[in-house]
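Here is the structure we will look at.
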Amino acid sequence: MRMSSSWRWQLSRAMRLALRWCRLCRPQRGGRGGGTKPWVSGRFLELWSYSKLLLKSLYFNSLSNSDTLLDCAFEPVYWIVDNVTRWFGVVFVTLVILLTTSVVVIIYLFVLPTILSAYPLHWVVWHLCCGHWLLVMVVFHYYKATTTSPGHPPKDKVHIPSVSICKKCITPKPARTHHCSICNTCVLKMDHHCPWLNNCVGHFNHRYFFSFCLYMTLGCIYCSISSRELFLEAYSAIESYYMTPPPMETLRETTAHKCIIFLWVLTSSVAVALGGLTLWHVILISRGETSVERHINRKETRRLREKGKVFRNPYHHGNMNNWKLLLGVEKRSHWFTRVLLPSSHLPNGDGIMWDWTFSRRDPMAI
């Protein structure tokens, strides 16, 4: 049956049921005296029963249950959250760029001149080299994390290794692949959807995301420690503004004090918050897991423990090997050229085929 005839048949069926319901609502005529029969409770119960049957006939099937009804009821909420997150991703990316730019401008205007004029030569060289190295690494990895596609399963190829079929994309879903409701597509080795990147973190940009978190944390710690003395001086100067009479300060000096306080508070706060997130991902990478797989593996571990079995993560190759696989380190020189310097090399593998640490015939449960 064609789609047009199908919806027309459904519409005509709904109209017939509605007309039947309206006939039941009409009071019956007849009886003694030719008057109208009074409304009785039996008639009301019959109408109520038919109304429930009418509603069930329009949506009920053998797969319906309470979970399905709850999902249908909360579907508008999910839609609003997904779309709001997608649109707010642009706002978050803009906020990251503005805050990072403000920190760099404050350092060049107020911190760097103090370092050049008051610090010894070796400390000046250290601050110039370390500060600009961190800045380059942060900008490079953030740009690559936001612009690099995390990777998606090929939809034109049906014969690809898969473990299931995505219920929303209706395409084969390879191992470690999950559907992102915000991007509305499946992502290879999906870790999570990051609103601060306005992008998913997956197979092809996982290294960029982690490197950005790591170098941004190190950069914030560096700025917080380097500007600590300037922050204490600026805080004391700000407190003196409320003295009577207030000290005579120029506009540049008061602006410098407020900017230094803003710089220290912002970098210290980001260092604590982003440092916790970075530490969490360090633990996940060491275990060979993503954020999504962490929750799945915990449930599977509890389920198999109740059966007296042991769960083993098939993607865990050892702590050091997990890091080498993520960072793309194949020889010793890569720790310098691919980790400590900006590098756009591709990760190992295509995100579809994965090396297993043991086969399916292993006596341990998978």
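Along the sequence shown, residues carry numbers from 1.
- Taking all atoms of both residues into account, the shortest heavy-atom contact from Leu134 to Gly219 is CD1-CA, 3.8 Å.
- With contacts defined as side-chain heavy-atom distances shorter than 4.5 Å, the pair Asn199/His193 does not qualify.
- For Ser224 (side chain) and Ile221 (main-chain N/O), no donor-acceptor pair under 3.5 Å exists by modelled atom type.
- Using a 30° and 60° split on the angle between ring planes, Phe140 and Tyr208 fall in the perpendicular class, above 60°.
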Begin from the C-alpha positions of Val187 and His152 and carry the test side-chain contact (heavy atoms from CB on, under 4.5 Å) through to its verdict. CA-CA 5 Å; Val187 178; His152 309 288; 4.2 Å; yes
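- Side-chain heavy atoms closer than 4.5 Å link hydrophobic residues (I, L, V, M, F, W, Y) into clusters, and following such links, possibly through other members, connects Leu116 to Val111.
- The hydrophobic cluster containing Phe336 also contains Trp323, counting ILVMFWY residues as joined when their side-chain heavy atoms lie under 4.5 angstrom apart, directly or transitively.
- Classification of the Trp123-Trp126 ring pair by plane angle, with boundaries at 30° and 60°, yields perpendicular.
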Worked verdict on Trp335 versus Leu340 for side-chain contact (heavy atoms from CB on, under 4.5 Å): CA-CA 7 Å; Trp335 288 104; Leu340 299 180; over 6 Å; no
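- A distance of 6.0 Å or more separates the ring centres of His317 and Trp354.
- For the atom pair OG of Ser226 and CG of Leu112, the computed distance is 11.0 Å after rounding to the nearest 0.5 Å.
- For the pair Pro153 and Leu188, the minimum side-chain heavy-atom distance is below 4.5 Å.
- With rounding to the nearest 0.5 Å, the separation of OG1 in Thr267 from CZ in Phe231 is 9.5 Å.
- The ring pair (Phe, Tyr, Trp, His ring centres under 6.0 Å) test with Tyr142 is passed by exactly one of Tyr215, Phe210, Phe212: Phe212.
- Looking at Glu330 and Asn348, their side chains come closer than 4.5 Å, going by heavy atoms from C-beta outward.
- For the pair Cys223 and Ile107, the tightest heavy-atom approach, listed with the atom from each and the gap, is SG-CD1, 3.6 Å.
- Taking both residues in full, the closest heavy atoms of Asp191 and Ser291 are given as OD1-OG, 2.9 Å, listed atom of the first, atom of the second, then distance.
- By the criterion of side-chain heavy atoms lying less than 4.5 angstrom apart, applied directly or through intervening Ile, Leu, Val, Met, Phe, Trp or Tyr residues, Val138 is not grouped with Tyr143; the two fall into different hydrophobic clusters.
- Side-chain atoms of Ser227 never come within 3.5 Å of backbone atoms of Leu230 as a donor-acceptor pair (strictly under, hydrogens ignored).
- The heavy-atom pair separating Arg207 from Arg338 by the smallest distance is NH1-O, 3.7 Å.
- A 4.5 Å side-chain heavy-atom check between Arg298 and Phe311 finds every atom pair outside the cut-off.
- Separating the CD1 atom in Ile225 from the CZ atom in Arg228 is a distance of 9.5 Å, to the nearest 0.5 Å.
- Between Cys213 and His281 there is no side-chain heavy-atom pair separated by less than 4.5 Å.
- Considering every non-hydrogen atom in both His345 and Leu327, the closest pair reads NE2-O, 2.9 Å.
- In this structure, Tyr222 is a member of the same hydrophobic cluster as Trp264, with clusters built from ILVMFWY side-chain heavy atoms closer than 4.5 Å.
- In this structure, Leu274 and Leu277 have side chains that are in contact, with non-hydrogen atoms separated by less than 4.5 Å.
- Of the options Glu289, Arg312, His316, a side-chain hydrogen bond (donor to acceptor under 3.5 Å, both in side chains) to Asn297 is made by Glu289 and by none of the others.
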Given the rule in the side-chain contact (heavy atoms from CB on, under 4.5 Å) test, do Tyr315 and Lys189 qualify, once you have shown the distances and angles that lead to the verdict? CA-CA 11 Å; Tyr315 310 110; Lys189 191 194 168 187; over 6 Å; no
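- Going from atom CG of Leu109 over to atom CD1 of Ile260 covers 10.0 Å, rounded to the nearest 0.5 Å.
- No side-chain donor-acceptor contact under 3.5 Å links Asn198 to the backbone of Val93.
- Of the inter-residue distances, the one linking Ser344 atom OG with Lys144 atom NZ reads 5.0 Å to the nearest 0.5 angstrom.
- Tyr108 and Leu98 fall into different hydrophobic clusters, where Ile, Leu, Val, Met, Phe, Trp and Tyr are joined by side-chain heavy atoms under 4.5 Å apart, directly or via other members.
- Formation of a donor-acceptor pair under 3.5 Å by the Thr114 side chain with backbone atoms of Phe110 is found in this model.
- In this structure, CZ on Phe209 lies 12.5 Å from OG1 on Thr146, to the nearest 0.5 angstrom.
- When side chains are defined from C-beta on, His203 does not count as touching Pro150, because their heavy atoms never get closer than 4.5 Å.
- Using a 4.5 Å heavy-atom threshold, the side chains of His179 and Cys169 count as touching.
- Closest heavy-atom contact between Asn322 and Arg287: ND2-C, 3.8 Å.
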side-chain contact (heavy atoms from CB on, under 4.5 Å) between Ile296 and His178, intermediate numbers included: CA-CA 12 Å; Ile296 297 175; His178 300 280; 3.6 Å; yes
